[in-house]
Asker: 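Pasting a structure here, questions to come.
Note: hydrogens, waters and symmetry copies are ignored here, and every other heavy atom, side chains too, is used. Chain naming here is simple, since letters A, B, ... match the order of the sequence lines and numbering starts at 1 in each.
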Protein chains: 2
Amino acid sequence: MKPIAQAEGAVDYQDLAFDVFSRHCPSRGTLEHVTGRWGALTLGALHEGSFRFNELRRRVDGVSEKMLSQTLHALERDGLVHREAQPTNPPRVDYELTPLGRAVAERLMALIHFVEGRMDEVLEARASYDAKRSTLDGRA
Amino acid sequence: MKPIAQAEGAVDYQDLAFDVFSRHCPSRGTLEHVTGRWGALTLGALHEGSFRFNELRRRVDGVSEKMLSQTLHALERDGLVHREAQPTNPPRVDYELTPLGRAVAERLMALIHFVEGRMDEVLEARASYDAKRSTLDGRA
DNA sequence: CAGCATCCTGCGCGATACTG
DNA sequence: CAGTATCGCGCAGGATGCTG
């Protein structure tokens with residue numbers, strides 16, 4: 001049993017600004033939970049409603065049980081996700097965004113959708129970048 | 001010499017939507033470049049202007065030379081960062097965002113700043129979460 | 001169904017050294 | 001200064017098995 005992600009050294013945070021750019025800053029950790037591979041997709045999924053564990057697992061294509069569990073814990077600990085467990089049998093647990101989580105997800109989705117919408121440009125850039133590279137160091 | 005990040009299997013992307021939630025989607029890769037640990041911070045730094053390699057290295061606290069190089073290549077390939085090299089001696093290379101990169105960074109910064117601004121709430125949530133946990137399984 | 005514990009592997013990434 | 005090449009460790013994270 002481990003405290004999830006409590007490590008990262010003992011620093012007195014009281015008197016330092018929450019600047020992501022500096023190494024030992026707690027906001028950096030949270031930002032990584034939010035933007036991390038699974039964190040981002042999980043928040044994205046939850047942005048559309050409340051879901052049960054395995055529903056989420058299906059929506060976030062490719063996530064393992066372990067990683068989803070881990071991700072949800074981190075987000076819950078950060079106060080972005082609320083976990084509602086009913087002690088029935090079989091058990092039913094629902095996850096949903098907290099108000100803070102919703103606000104974060106909002107911004108995140110703006111980013112995600114924007115990137116999705118511009119993928120053609122990205123793909124084009126990639127193609128021309130690769131073309132340039134291959135003509136440069138293509139000589140055997 | 002490797003093609004940066006060209007792997008991820010051969011799928012015909014023409015006829016599938018750019019849905020981040022599905023496994024083999026190119027937007028997922030780009031999103032990870034953007035939101036990844038160093039990608040996000042690099043875009044953030046570049047959002048404030050044009051910088052040289054070692055300037056960036058100093059602004060993004062903790063990034064290794066290797067990772068910064070790698071990150072910049074990925075972002076350049078995705079068409080988000082422009083690399084301006086002058087063949088002088090000593091060499092001078094400037095990095096700056098492309099218009100597309102600026103648009104992405106805009107959304108990203110909205111997210112980052114929001115998270116930074118709410119860190120007190122997050123920290124509070126963490127504290128109460130941890131408190132609850134430790135009283136539950138604290139028994140030796 | 002919801003999930004924790006364990007084992008094991010790959011590769012992310014940091015450290016170091018070398019080049020133009 | 002602005003990078004590449006190489007090595008090696010650590011941990012992210014997948015697979016598997018068990019519990020309530």
Asker: Checking contacts here: which listed nucleotide (D/dG3, C/dC7, C/dC13) is nearest the side-chain heavy atoms of A/Lys66?
Answerer: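 Closest nucleotide to the A/Lys66 side chain: C/dC7.
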Asker: A/Gln86 CD to C/dA2 C1': how many Å, rounded?
Answerer: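 Going from CD in A/Gln86 over to C1' in C/dA2 covers 13 Å.
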Asker: Starting from P on C/dC1, measure out to CD on A/Glu84 and report it in whole angstrom.
Answerer: 20 Å
Asker: Between A/Asp94 and A/Arg92, does at least one N-O distance fall below 4.0 Å, as a salt bridge requires?
Answerer: yes
Asker: Measure from the side chain of B/Phe53, starting at C-beta and using heavy atoms only, and say which of D/dT4, D/dA2, C/dA2 lies closest.
Answerer: D/dA2
Asker: Round to the nearest Å and state the distance from B/Glu65 atom CD to D/dT4 atom P.
Answerer: 9 Å
Asker: Just how far, in rounded Å, is C1' of D/dC1 from CG of B/Leu68?
Answerer: 14 Å
Asker: Measure from CG on B/Leu72 to P on D/dG3 and round the result to the nearest Å.
Answerer: 8 Å
Asker: For A/Ser69 and C/dC4, is the shortest distance between a side-chain N/O and OP1 or OP2 below 4.0 Å?
Answerer: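 Yes, within the criterion.
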Asker: Checking contacts here: which listed nucleotide (D/dG14, C/dG3, D/dT4) is nearest the side-chain heavy atoms of A/Met67?
Answerer: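 So the side chain of A/Met67 is nearest to D/dG14.
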Asker: Looking at D/dA2, I'd like to know if its phosphate oxygens (OP1 or OP2) sit under 4.0 Å from a side-chain N or O belonging to B/Arg92.
Answerer: no
Asker: Is a donor from one side chain sitting under 3.5 angstrom from an acceptor on the other, for B/Arg77 and A/Tyr129?
Answerer: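 B/Arg77 vs A/Tyr129: no donor-acceptor pair found between side chains.
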Asker: In this structure, how many angstroms lie between the C1' atom of D/dA2 and the CG atom of B/Asn54, rounded?
Answerer: 7 Å
Asker: Measure CD/B/Glu76 against C1'/D/dA2 and give the value in whole Å, please.
Answerer: 14 Å
Asker: Got a salt bridge between A/Glu96 and A/Arg83, using NZ or NE/NH1/NH2 to carboxylate O under 4.0 Å?
Answerer: no
Asker: Closer than 4.0 Å, any side-chain N/O of A/His73 to the OP1 or OP2 of C/dC4?
Answerer: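 Looking at the OP1 and OP2 atoms of C/dC4, one of them is under 4.0 Å from a side-chain N or O of A/His73.
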Asker: For C/dG12, does either OP1 or OP2 sit under 4.0 Å from a side-chain N or O belonging to A/Arg37?
Answerer: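 It does not, given that no N or O in the side chain of A/Arg37 lies less than 4.0 Å from OP1 or OP2 of C/dG12.
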Asker: Could you tell me the separation between the CD atom of B/Glu32 and the P atom of D/dG13, rounded to a whole number of Å?
Answerer: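 Roughly 9 Å, once rounded to whole Å.
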Asker: Taking the side chain of B/Ser64 as heavy atoms from C-beta outward, which of D/dA2, C/dG14, C/dG3 is closest to it?
Answerer: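 The closest nucleotide is C/dG14.
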Asker: Strictly below 4.0 Å, N to O, side chains only: are B/Arg58 and B/Glu55 in salt-bridge contact?
Answerer: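 No, no charged N to carboxylate O under 4.0 Å.
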Asker: Are any non-hydrogen side-chain atoms of B/Glu116 and A/Asp19 less than 4.5 angstrom apart?
Answerer: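 SC-SC contact between B/Glu116 and A/Asp19 confirmed.
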Asker: On the side chain of A/Gln70, is there an atom forming a donor-acceptor pair with the base of C/dC4 - under 3.5 Å, no angle test?
Answerer: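 Between C/dC4 and A/Gln70, which were checked side chain against base, a qualifying N/O pair under 3.5 Å is absent.
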Asker: Answer with base, sugar-phosphate or nothing: what part of the nucleic acid does B/Arg83 contact at a heavy-atom distance below 4.0 Å?
Answerer: sugar-phosphate
